[in-house]
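Below: the structure, in C-alpha cells.
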There are 2 protein chains.
Amino acid sequence: MDFITVAQASQIVLENTQNFGVETIPFQESKGRILAEEIQADRDFPPFDRVTMDGIAIQGKVYESGQKTFAVASIQYAGEPQKTLDNKNACVEIMTGASLPKNTDSVIRYEDVTLKDGVATLNNGLPMFKNVHKKGHDRRKGEVLLAKGHQLKSADLAILATTGKEHVKVNKLPKIAIITSGDELVEVNETPESHQIRKSNIYAISSLMESFASEIRQFHLKDELQESIEMLQNIFDNYDAIILSGGVSAGKKDYLPQALAAVGAEKLFHKIQQRPGKPMWFGKKGKTLAFALPGNPVSSFMCAVRYVLPWLQKSIGLKIENEMAILAEEISFKPKLGYFLQVKLKNENGHLKAFPIEGGGSGDLANLSLNDAFLELPNQESNCFEKGSVYPIWRF
Amino acid sequence: MDFITVAQASQIVLENTQNFGVETIPFQESKGRILAEEIQADRDFPPFDRVTMDGIAIQGKVYESGQKTFAVASIQYAGEPQKTLDNKNACVEIMTGASLPKNTDSVIRYEDVTLKDGVATLNNGLPMFKNVHKKGHDRRKGEVLLAKGHQLKSADLAILATTGKEHVKVNKLPKIAIITSGDELVEVNETPESHQIRKSNIYAISSLMESFASEIRQFHLKDELQESIEMLQNIFDNYDAIILSGGVSAGKKDYLPQALAAVGAEKLFHKIQQRPGKPMWFGKKGKTLAFALPGNPVSSFMCAVRYVLPWLQKSIGLKIENEMAILAEEISFKPKLGYFLQVKLKNENGHLKAFPIEGGGSGDLANLSLNDAFLELPNQESNCFEKGSVYPIWRF
C-alpha cells in the first residue's frame, strides 16, 4: 500500500491553510471570532477610585486620631460627578459604584455605623478597611487587554463593551461550497424509491462548519461529465473551499476525478492509510482548496472532522490543540491502517476517558449519535490497543 | 453568617427549573436543540442490498463451481431501479451505491477482474468477498435512532435528513430579559465622564445564554422606584426569566429589592456563602424566575455561569453533568466561603489540569479573558487546597 499516512495527510492539509483577510463587525456578533487587532484599555480600570460598599466616606487619619462621630455633609451617588468633603471632621454618605469624594480615603460600611439625625457614629473596635477599588488598580490606560489572534469568548464581549469598541476587527470567514454527487440521492422532503436514498452527509458536514464559515452553499452534481466541469469551474472561481461528498471512487459514472482534472485542480493527495475514509482526495486550484470526501456517511463525516475542520480552524486563525483521551477498554483492530474509533467521552475525576461504541461500520450513520469523538489509533505493528493508553481525540 | 451555601443555592435554583413547551422547526436549524420526539428509522438501513465496490455482480456459487468468465449482461448504476440477472452464468457490471441486481449475491471488484469484449474474466485465486452492505444490516425499520431528550449534534442532522424529518419537534427556548441598573452606566458608543462607566456585564451574560434562549432583550432601570416597579411588572408578565445586574446591595438608590417586593416577586434566597458573588438574590413571580446578580463584572459573570446557565440548560432539557478538573498548583484562600477560582484548563495526556490565573479581584473583567473556567473550591476548615486535588469546574 503506497497511500500516505494520517500524519502526512494532516500535514499537507495544514500546510495549505488560507488567509481570508480581515473585516469589521459589531462587537455583539464577535463571539467565537479571532481578533485582528489589539484591544487596549482606553483608560484606567477602574477609571476612578471606586467605592465598593454602601456607607460613609471619611478621612482615615481622623478616625485613627480618635474621632468617632461624623456629621453627614452630603450624599455621593453612583453616576454623579465626584464631590468634595470640605470639612475633614465630617463625612459623605456614599453608595457602591460611586467616585470616592475628594479629601476622603476610606469607606465605613453602613453595617458598622449608627446613623441618627444627620450624624454617623462608628461602632467600637472597627478595623480600618478602605473599601475602595483604586483607580488603575486592575489595568492601566494603554495596557493590552486582548491580544491580536485571541479567540473572543462571552466574557471578552464585556471587555470590548467597557473599552467602547462598538465595532471590532476580526479575521474574515470563508465561503464554502459543499457538493453532493450521485444519481441515487433525493432531497430530504422527497420519498425515495427503493433504490434511492435521501441526501444526508452534507447536512452533518455543513453543521460542523457553520460557525467557521460566512456562507455554506449546497450544490448537487449530476453524474454527467460536461455539466460537472462547468459547475466545478464556476464554484472554484467563487468559493474559498470546496467539499465534495462522494464520487471519488472508480465507478463508471464517477466523473469527479476527470472533472477536477479538466478544470485544472491540482491533486495534493489521494487515499490515506486509514479506516474509515480511505479514498479521500485533497487538492487545490489557485487559492481554492478542494476536499473530496468518500460517499459513505461515517467516512465523509470522519474526514470532515479530522481534516476539513482543522484546516478551517487554522485558516481563520484558531490554534489547533491536540486533545487527548484515555482508552477505557482494550480494543483490537486488524488491518495495518490508522483507525478512527468512535468513542463516548466521560470525565471521571478529571480524567478524560474514551468508551468505544462501535456500530455497523462506515455506513452506520446512526451510531455517531451515541458518540462524542473519534479516537485516533495509530497504524502500529501490534493490533491491540490497551486499556489506559492515551490517544488524540477529535470531537464532533 | 447565615447565608446559604453554594450547594443549597444551586439546589434551590435547580428545583425551580421551568418547562417552555415544544415547537417544530426546520431540521437544518436544530443543532444544539433537545429532541421532543423519538426519531425512528423510516425504512431499513441500508434500504436495499447496497453494493460497496465498483465491479461485477455474480452468483457466488457459479464462481465456486469453477466458472471464471462471465459475459456482461447489463450495467447497474447507482440511482437506477434494481435490475435482474436472467442468465446465472453471466454478470452485471455494477457501481458503488447501486442496488445489488436480483439473482446475484456477490460483487467482484474491477481490480480483480479483466474486462474484454464484453466478457469479464476473474483473476486467479480470488477469495469470495461479497462487497455488499445488506439491507437492514445497520438499523431495522421502526428502530429508534434518536431518543426523546437527546441533544442534537451535527451528525444527528444527517440522521434527521436520511429519515426525511424535514421538520422536527424540539423543546422550546425561553424569552429572557436582562436588566441593568445604576445611573453611572452609559452606552458602549458613548464616551463616559470620569465618574461613569460603560455598560459591559450584560453583553457577556447575553452572549453566554444566547444559544439557549429564543430572545434576549436588554432593559435599563433608572435608579427611581416607581419607574422601576412599572417596568419590572411589565417584564415579569412578558418573559420567562429575568436577569438583573447590579442594584441588590443596601445603597440608598438601590430600589431593586423594594421594586421586586412591590411587584410581588417571592424571594427564594438572598446572599450565598461564596466569593465572588455573595449578594446574589433569586426569586420568582408566577412562572417567571428572577436572578438578581451583583454589579461587579466578575461576580455577575460568575453567578451567571454557576447558577443561571445550569438553570437554563436544565429547563430546556439538557443534562447537567458535573465536569471535574485537577488543581495544578497549591492555592490558599482565607475566608470561610465557597471560592470560585479562575483557571486556565489544559489537557495533559488525558488529564484535565486547572491552572489558576488570579487577577485584580471581582472588578477585574480583563482577567477572565486569560481563563476558561471557574474551579469551585469548597468551604472547608483548612484554607489550603492541594495541588492534585480534584474539584468541579464551570466552563465559560
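Just so it is clear: chains get the letters A, B, ... in the order the sequence lines come, proteins before strands, and each one is counted from 1.
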**Prompt:** Do B:Tyr77 and A:Asp183 have side-chain heavy atoms sitting under 4.5 Å apart?
**Reply:**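 When only atoms from C-beta onward are counted, A:Asp183 and B:Tyr77 do not touch, as no gap falls below 4.5 Å.
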Quick one: closest heavy-atom pair of [X] and [Y], and the distance?
| X | Y | result |
| --- | --- | --- |
| B:Ala158 | A:Ala204 | CB-CB, 3.7 Å |
| A:Phe48 | B:Gln196 | CE2-N, 3.9 Å |
| A:Leu145 | B:Ser369 | O-OG, 3.7 Å |
| B:Gly350 | A:Val390 | N-CG1, 4.4 Å |

Report which part of [X] has an atom under 4.5 Å of a heavy atom belonging to chain B: side chain, backbone, both, or neither.
| X | result |
| --- | --- |
| A:Ser99 | side chain |
| A:Lys199 | backbone |
| A:His133 | side chain |
| A:Pro46 | neither |
| A:Tyr391 | neither |
| A:Asp156 | side chain |
| A:Pro81 | both |

Quick check for you: to the nearest 0.5 Å, what is the distance between [X] atom [atom1] and [Y] atom [atom2]?
| X | Y | atom1 | atom2 | value |
| --- | --- | --- | --- | --- |
| A:Tyr203 | B:Leu160 | OH | CG | 11.5 Å |
| A:Glu190 | B:Glu166 | CD | CD | 10.0 Å |
| B:Asn296 | A:Thr52 | CG | OG1 | 8.0 Å |

Count the heavy-atom pairs under 4.5 Å between each of [options] and chain A, then report the option with the highest count.
| options | answer |
| --- | --- |
| B:Gly360, B:Ala354, B:Ser207 | B:Ser207 |
| B:Gly79, B:Pro192, B:Ser206 | B:Gly79 |
| B:Lys165, B:Glu184, B:His195 | B:His195 |
| B:Lys353, B:Glu187, B:His150 | B:His150 |
| B:Leu157, B:Asn349, B:Leu370, B:Asp42 | B:Asn349 |
| B:Pro47, B:Ala41, B:Gly359 | B:Pro47 |

Between [options], who has the most heavy-atom pairs with chain B when the cutoff is under 4.5 Å?
| options | value |
| --- | --- |
| A:Asn371, A:Val188, A:Ile39 | A:Val188 |
| A:Phe45, A:Phe27, A:Phe396 | A:Phe27 |
| A:Leu146, A:Leu185, A:Asn201, A:Asn367 | A:Asn367 |
| A:Glu210, A:Glu348, A:Arg198, A:His351 | A:Arg198 |
| A:Gly97, A:Pro297, A:Ala325, A:Gly363 | A:Gly363 |
| A:Ile393, A:Thr163, A:Ile202 | A:Thr163 |

**Message:** Run the side chain to side chain contact (heavy atoms under 4.5 Å, CB included) test against B:Lys135 and tell me which residues pass, sequence neighbours left out.
**Reply:**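 For B:Lys135, the residues satisfying side chain to side chain contact (heavy atoms under 4.5 Å, CB included) (neighbours in sequence not counted) are B:Asp44, B:Asp49.
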**Prompt:** Listed by chain and number, what are the side chain to side chain contact (heavy atoms under 4.5 Å, CB included) partners of B:Ala155, not counting sequence neighbours?
**Reply:**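 Applying side chain to side chain contact (heavy atoms under 4.5 Å, CB included) to B:Ala155 gives A:Phe301, A:Leu368.
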Between [X] and chain A, which part of the residue has a heavy atom less than 4.5 Å away: side chain, backbone, both or neither?
| X | answer |
| --- | --- |
| B:Thr191 | neither |
| B:Glu323 | both |
| B:Asp372 | both |

**Request:** Take A:Arg43 and B:Ile197, measure what side chain to side chain contact (heavy atoms under 4.5 Å, CB included) needs, and give me the verdict at the end.
**Result:** CA-CA 10 Å; A:Arg43 51 181 182 157; B:Ile197 53 172; 3.7 Å; yes
**Prompt:** Going through the distances and angles, do A:Asp364 and B:Arg139 end up as a side chain to side chain contact (heavy atoms under 4.5 Å, CB included)?
**Reply:** CA-CA 8 Å; A:Asp364 187 11; B:Arg139 309 283 154 166; 2.9 Å; yes
**Prompt:** How about B:Lys344: does its NZ atom have over 12 heavy atoms from other parts shown lying under 6.0 Å from it?
**Reply:**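 Enclosed.
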**Asked** Backbone N or O of B:Leu208 within a donor-acceptor pair of the A:Ser154 side chain at under 3.5 Å?
**Response**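 Answer holds: yes.
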